[in-house]
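See structure below.
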Amino acid sequence: MEKEKFESVHKTFNYTPKSVFTNQLSSLAFGIGMIVIPAIYPFGIRIRRAEILSPAVFSTILIIGGVLLLVLTFFNMRKARALIAQGGTIKIDGGRVTYPVIKGGKVEYDSFLVSDINYIKDDDEENQCKVSLPDKYIVFETKYFDSWKQFEEFRSLIG
């Protein structure tokens with residue numbers, strides 16, 4: 001029965017973010033905050049009278065973490081910009097799912113079989129759908145779909 005279901009499914013979903021800031025505002029805010037606050041007002045960690053981390057050490061750790069978070073956010077924004085510029089679609093053709101991948105600033109397409117999926121994890125907090133395959137891990141951003149209804153339809157088709 002399930003094999004028949006996938007043989008007859010031919011569906012295309014638009015997978016393009018509305019803005020480069022989609023899903024990135026909180027990461028930008030935290031990254032900037034992790035740099036600016038310790039730079040203006042350095043603080044350490046104390047437990048009662050024992051100093052665990054001095055203000056200089058703890059502030060350095062926060063600033064390095066903030067810079068790393070901003071770098072990762074920048075790369076995600078570059079991917080979103082490439083999808084906006086070139087467009088992206090997800091196609092379900094029978095049991096094969098073809099999805100966009102950004103390589104070198106260009107949109108290329110990769111695919112997998114629905115039967116190869118180990119598990120799917122929906123992360124409502126991060127607005128992501130994470131698909132685990134035997135050889136890779138794919139993250140679909142739910143806000144990149146045209147609507148929640150489109151995402152739900154995609155999600156029901158892959159399992």
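Computed over heavy atoms, backbone and side chain alike; hydrogens, waters and symmetry mates excluded. Everything numeric in this text was worked out from a predicted model, so none of it was measured.
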Item to check | Common cluster, Y119/I158, ILVMFWY with side-chain heavy-atom separation under 4.5 Å | outcome: no

Identify each donor-acceptor pair in which a side-chain atom of residues 55-70 lies under 3.5 Å from a protein atom, sequence neighbours left out, and give them as a table.
unit_1: S59; atom_1: OG; unit_2: P55; atom_2: O; d: 2.8
unit_1: T60; atom_1: OG1; unit_2: A56; atom_2: O; d: 2.6

Item to check | Beyond-backbone contact of D93 with T98, side-chain heavy atoms, under 4.5 angstrom | outcome: no

Item to check | Residue pairs involving residues 72-91 (criterion ring-ring contact (aromatic ring centres under 6.0 Å, His included); sequence neighbours excluded) | outcome: none

Item to check | Residue pairs involving residues 66-91 (criterion salt bridge (Lys or Arg N to Asp or Glu O under 4.0 Å); sequence neighbours excluded) | outcome: none

Checklist entry - Would you call S27 and L72 a side-chain contact if the rule is heavy atoms closer than 4.5 Å? => result no

Item to check | side chain to side chain donor-acceptor pair (under 3.5 Å) partners for Q24, two or more places apart | outcome: none

Next on the checklist: Do T73 and F30 have side chains that approach each other closer than 4.5 Å (heavy atoms only, starting at C-beta)?
Outcome noted: no

Checklist entry - With a distance cut-off below 6.0 Å to the six-membered ring centre and an angular limit of 45° from the axis, does K11 pair with F13 as a cation-pi contact? => result yes

Checklist entry - Does CD1 in I117 sit with more than 12 non-hydrogen atoms of other residues, nucleotides or ligands closer than 6.0 Å? => result yes

Next on the checklist: To check you understand the geometry: which heavy-atom pair defines the closest contact between G33 and P38, and what is its length?
Outcome noted: O-CD, 3.6 Å

Next on the checklist: Set out, in order, the CA-CA distance, both residues' side-chain angles and the distance that settles side-chain contact (heavy atoms from CB on, under 4.5 Å) for F140 and F154, then state yes or no.
Outcome noted: CA-CA 10 Å; F140 294 105; F154 165 75; 3.9 Å; yes

Item to check | Considering all heavy atoms, the nearest F21-M77 contact | outcome: CE2-CE, 3.3 Å

Next on the checklist: Let me confirm one number: the OG-CD distance from S147 to E153, rounded to the nearest 0.5 Å.
Outcome noted: 9.0 Å

Next on the checklist: Tell me if the CD1 atom of I47 is crowded by more than 12 foreign heavy atoms within 6.0 Å.
Outcome noted: no

Checklist entry - Under a 4.5 Å side-chain heavy-atom rule over Ile, Leu, Val, Met, Phe, Trp and Tyr, are V139 and V101 clustered together? => result no

Item to check | ILVMFWY network linking L53 to M34, side-chain heavy atoms under 4.5 angstrom | outcome: yes

Item to check | Side-chain heavy-atom pair V107, I102 within 4.5 angstrom cut-off | outcome: yes

Next on the checklist: I'd like to know if the side chain of Y15 reaches the main chain of E141, judged simply by a donor and an acceptor atom lying under 3.5 Å from each other, with no hydrogens or angles considered.
Outcome noted: yes

Indicate every side-chain donor-acceptor pair of residues 130-138 with a distance under 3.5 Å to a residue at least two apart or in another chain.
unit_1: K130; atom_1: NZ; unit_2: D123; atom_2: OD2; d: 3.4
unit_1: K136; atom_1: NZ; unit_2: Y99; atom_2: OH; d: 3.2
unit_1: K136; atom_1: NZ; unit_2: D110; atom_2: OD2; d: 2.7

Checklist outcome for this item: Heavy atoms of Y109 and G88 approach each other most closely as OH-CA, 3.6 Å

Next on the checklist: Applying a strict under-4.5 Å side-chain criterion to I, L, V, M, F, W and Y, I'd like to know whether L113 and L157 cluster together.
Outcome noted: no

Checklist entry - Got a sec, which pairs hit salt bridge (Lys or Arg N to Asp or Glu O under 4.0 Å) with one end in residues 51-73, sequence neighbours left out? => result R46-E51

Next on the checklist: Going by side-chain contact (heavy atoms from CB on, under 4.5 Å), Y144 matches just one of L83, N127, I90, I84. Which one?
Outcome noted: L83

